[in-house]
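Data block below; observations after.
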Amino acid sequence: MRLGKREASRRPVPLTSDNHYRGLVEGQLRHAGVVEPPVSVDGVAAIRGVPIMTVAFPAWCTGAIVVEDGMPVVLLNASSSPESRRAALAHMLSHILVRIDDPSTPYPRDMSVDHRLADAMAEEFVMPEYLVREQAGKWFNDYRYLARLFGVSESDMMAKMRDLGLMKAHGMFWDY
């Protein structure tokens, strides 16, 4: 059955923008009581009830999701650095949140799947906007200090601060 323009315009449009998904991450972080950096992605996964296992993978594989009895389990490469495991967990947890938000979304099974959404959500897990803004105000937009505080690279923190309008392409905004 086809709907006319009037009927089609009344149907609710699903919210699937990047902002919607970043909001899902923020909701998880606030529910987990995250009020200061660095974010314990492991802690958020534990509150969500997502089991995490470290296993031996080839060096090129940082992590995977397997479904056991209908529930996701995150597998992380035991030989990866703690920073890589944290980033991989944030990425995998993002895929799980997308699936919870829209059960018709499948888990990715190969690298042909577009991972941009999970990457954007993973960034929000480790550098949540509300915490970056708060800490940037406390520490005078010192991206180097903030990078150490959040446990990310200086270039990642600088990019996040630019995205949030806390830094210009050349220099910083001083708001004190």
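The figures that follow rest on heavy atoms only: side chains count, while hydrogens, waters and symmetry mates do not. What you see is a predicted model, and the numbers here were worked out from it, not measured in a lab.
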In this structure, would Leu29 and Leu164 fall into the same cluster of hydrophobic residues linked by side-chain contacts under 4.5 Å?
yes
When you group the ILVMFWY residues by side-chain heavy-atom contacts below 4.5 Å and let the links chain together, are Met71 and Val74 in the same group?
no
Should Ile52 and Val39 be regarded as members of a common hydrophobic cluster, given that ILVMFWY residues are connected when their side-chain heavy atoms come within less than 4.5 Å of each other, either directly or indirectly?
yes
Using a 3.5 Å distance criterion without hydrogens, assess whether the side chain of Arg86 forms a donor-acceptor pair with backbone atoms of Ser81.
no
Let me have the donor-acceptor pairs involving side chains of residues 54-67, under 3.5 Å, with sequence neighbours excluded, atom names and distances please.
none

If Ile, Leu, Val, Met, Phe, Trp and Tyr residues are connected whenever their side-chain heavy atoms lie under 4.5 Å apart, and connections chain through other members, are Met158 and Met161 in the same group?
yes
Could you tell me which non-hydrogen atom of Ala78 sits nearest to which non-hydrogen atom of Arg85, and how far apart they are?
O-NH1, 3.4 Å
For the pair Glu154 and Leu146, evaluate side-chain contact (heavy atoms from CB on, under 4.5 Å) and give the outcome as yes or no after the intermediate values.
CA-CA 8 Å; Glu154 289 181 6; Leu146 292 174; over 6 Å; no
When hydrophobic residues are tied together by side-chain contacts of less than 4.5 Å, even through go-betweens, does Leu166 share a cluster with Trp139?
yes
Are Asp42 and Ser40 linked by a side-chain donor-acceptor pair shorter than 3.5 Å?
no
Indicate the atoms forming the closest heavy-atom contact of Pro72 with Val50, along with that distance.
O-CG1, 4.2 Å
What one should report as the nearest heavy-atom pair of Leu76 and Leu89 is CD2-N, 3.9 Å
Contact check, side chains of His20 and Asp101, non-hydrogen atoms, under 4.5 Å:
yes
For a side-chain contact (heavy atoms from CB on, under 4.5 Å) check, start with the C-alpha distance between Gln28 and Leu97, then their side-chain angles and the critical distance, and finish with the verdict.
CA-CA 9 Å; Gln28 294 300 311; Leu97 285 180; 3.7 Å; yes
Please set out all donor-acceptor pairs under 3.5 angstrom arising from side-chain atoms of residues 117-131, sequence neighbours excluded.
residue : atom : partner : partner atom : Å
Asp119  : OD1  : His91   : ND1          : 2.9
Glu123  : OE2  : Lys160  : NZ           : 3.4
Glu124  : OE1  : Lys160  : NZ           : 2.8
Glu124  : OE2  : Glu129  : N            : 2.8
Glu129  : OE2  : Arg133  : NE           : 3.0
Glu129  : OE2  : Arg133  : NH2          : 3.4
Tyr130  : OH   : Val34   : O            : 2.8

Within the side chain of Ser94, is there an N or O that forms a donor-acceptor pair under 3.5 Å with the backbone of Ala90?
yes
Checking Asn77 side chain against Ser79 main chain: does a donor-acceptor pair fall under 3.5 Å?
yes
